[in-house]
Amino acid sequence: MNGSRPRKSLAGRTPRLGVLHIASEAAPWAKTGGLADVVGALPVALETLGHRVTTVLPLYRGMALPGAEIRPLEITLGTRRWRGSLHVLAQGATRRVVAVDVPEWYDRDGLYAQGGRDHPDNAERFAGLAQAALNFTQDDGDAGRIDIVHAHDWQAGLVPALIRQQPSRWTRVARAGLVMTIHNLAYQGLFPKDVVSRLGLGGDMFTLAVGEFWDQLSYLKCGIASSDMVTTVSPSYARETVQPEFGFAFDGVLHAVGDRYVGILNGIDTSVWDPASDPFLPARYSAGDVTGKRHNKRALLEHFGLPVGDDALSRPVIGIVSRLVNQKGCDLVLASAEPLMALDATWVVLGTGESHYETAFKALAARFPSRMGVQIGFDEGVAHVIEAGADLFLMPSRFEPCGLNQMYSLRYGTVPVVRAVGGLDDTVRGYGPRARRANGFKFHEATPDALLRAMRQALRVYHRPDRWAALMREGMSDDHSWGPSAREYVKVYRQARYAAAQRWAE
Ligand code: ADP
């Protein structure tokens, strides 16, 4: 397909690309999950490869960009007008972040929801983000050329669609290659169809070829249908999501994208997630010398108020850091709670999410106070200490676009036990009689029994120190840095540019 070949400049070097990212989260400013980690790290990796990158995201409550240049912003959606500002911060010669400050939309608790309920004006809030990003490109005199517009998830899905629908309005990006990345297909940005006229989104937005999805408007579909290239965050998830079982009714839409739909495994930020330099850890360690891990294990048990005697320290600790939602297989853990608690292991759980899961995990810890510690909340530091102090890390996801925690675990010598789906399947090489270079344990069926069998197998191997050390070594030597993934994105960008040029030639 699109046999685009990088064009060489006169000097014989591949020209730099100007890339504009639009997303609702980016670490370190705003994070609820893996999306933020990706949007935080990918621009840095692209800059390292020589490209110019600007990232646009909302300015949420409590967020600040000290030293940013403030530019006025006016947004019109339908008949309503909002005033705000753009906070433009240079992070180096070729990397910038732009925070969209419209207090009425973003200065509130919760990025997308509060008290378990979606904010009622999410359609406006993220149509506004799209328009703010496009306004920025029009007024950004010294920005240089934008070759690629890269939208992330439904919150940015209107961006490629507006560029396609209104090329004479958004002239600075009209000919750019358009790329849409799906970080999680379960979130589709579905709104009643009247938002199209209410927000003045334009006549063609609500058509089957663009954003109409079962009589609603899907911002994600708008983005997919309007982009030159569509990516998701692992090769397995790309294959899975064109099947009905994992497609959330989007399998047909993605099937139609054909070979313009590709999976690129996320990297991890290896400067943040490095056991040799991690400031959150009581003791640092590396693949060459893992003795510090035991110290972290003790600190972890102490943090959770669990026993720390010799007995406890020789017993394996199983860690979970997760959003407590159905996707993550919380129900599988709870359904097998009795036999899991009977295993000779200690559990530490950090997470937030659906209140019934939070309650159930807290109740389990209350029943088995010397076997399970639970912390409900979002705590970056404790997440790091779990990755370092646990012996095993459990991710029994029902589906998993990529998953980052299993990669952090591998790097921290904490052996992952995962369900073989999506990115978990791509990054974990399961232990078994014929396994080569195993770095963890995998199970296939989404059943409590399959999970329990995998845990039992893992704990048997834990008591074979030589085999366990080999598993840890394998994981710690895997390369999950962003470099290789960023190069894959650059290939996709060049394909998108080529496709955009062809669109304009037609
Ligand atoms: P998802 O994006 O589906 O939540 P990922 O594994 O891709 O799952 O990324 C989750 C990210 O959020 C990881 O960086 C993980 O450490 C972090 N995380 C999730 N829950 C918590 C929590 N309660 N406290 C701290 N970090 C968390």
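All ligand and atom numbering here is 1-based and tracks the order in the structure. Computed from a predicted model, the values in this text were never measured in an experiment.
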Show the atoms of ligand 1 that are less than 4.0 angstrom away from any heavy atom in Arg323.
1 (P), 3 (O), 4 (O)
Could you identify the single nearest non-hydrogen protein atom to atom 27 (C) of ligand 1 and state the distance to 0.1 Å?
Phe378 CE1, 3.4 Å
Tyr493 and His150: side chain donor to acceptor below 3.5 Å:
yes
Indicate whether any N or O donor in one side chain lies under 3.5 Å from an N or O acceptor in the other, for Asp478 and Asn439.
yes
Proximal atoms of ligand 1 relative to Gly34 (non-hydrogen, under 4.0 Å)
1 (P), 2 (O), 7 (O), 9 (O), 10 (C), 11 (C)
Between Glu25, Met395, Lys31, Glu400, flag the one that comes closest to atom 17 (C) of ligand 1 by a heavy atom.
Lys31
Between the CG atom in Leu452 and the CZ atom in Arg456, the distance rounded to the nearest 0.5 Å is 4.0 Å
Thr241 side chain to Tyr261 side chain, donor-acceptor N/O pair below 3.5 angstrom:
yes
Which bit of Asp37 gets closer than 4.0 Å to ligand 1, counting heavy atoms only: side chain, backbone, both or neither?
side chain
For ligand 1, is there an atom lying under 4.0 Å from some heavy atom of Gly377?
yes
Quick check: Phe361 with Trp347 (ring centres under 6.0 Å apart)?
no
Just to confirm my output: which protein heavy-atom neighbour is closest to atom 1 (P) of ligand 1, and how far is it?
Lys328 NZ, 3.5 Å
Distance-only polar pair, side chains of Tyr412 and Asp278, donor-acceptor under 3.5 Å:
yes
Can a donor-acceptor pair be found between the side chains of Asp289 and Thr291 at a distance below 3.5 Å?
yes
Starting from atom 6 (O) of ligand 1, what is the nearest protein heavy atom, named by residue and atom, and what distance separates them?
Leu404 N, 2.9 Å
When distances are taken from atom 24 (N) of ligand 1, the protein heavy atom at minimum range is Asp379 N, 3.0 Å
Quick one: does Asn405 get an N or O within less than 3.5 Å of an N or O on ligand 1?
yes
What are the atoms of ligand 1, with element, lying closer than 4.0 Å to any heavy atom of Gly403?
6 (O), 7 (O)
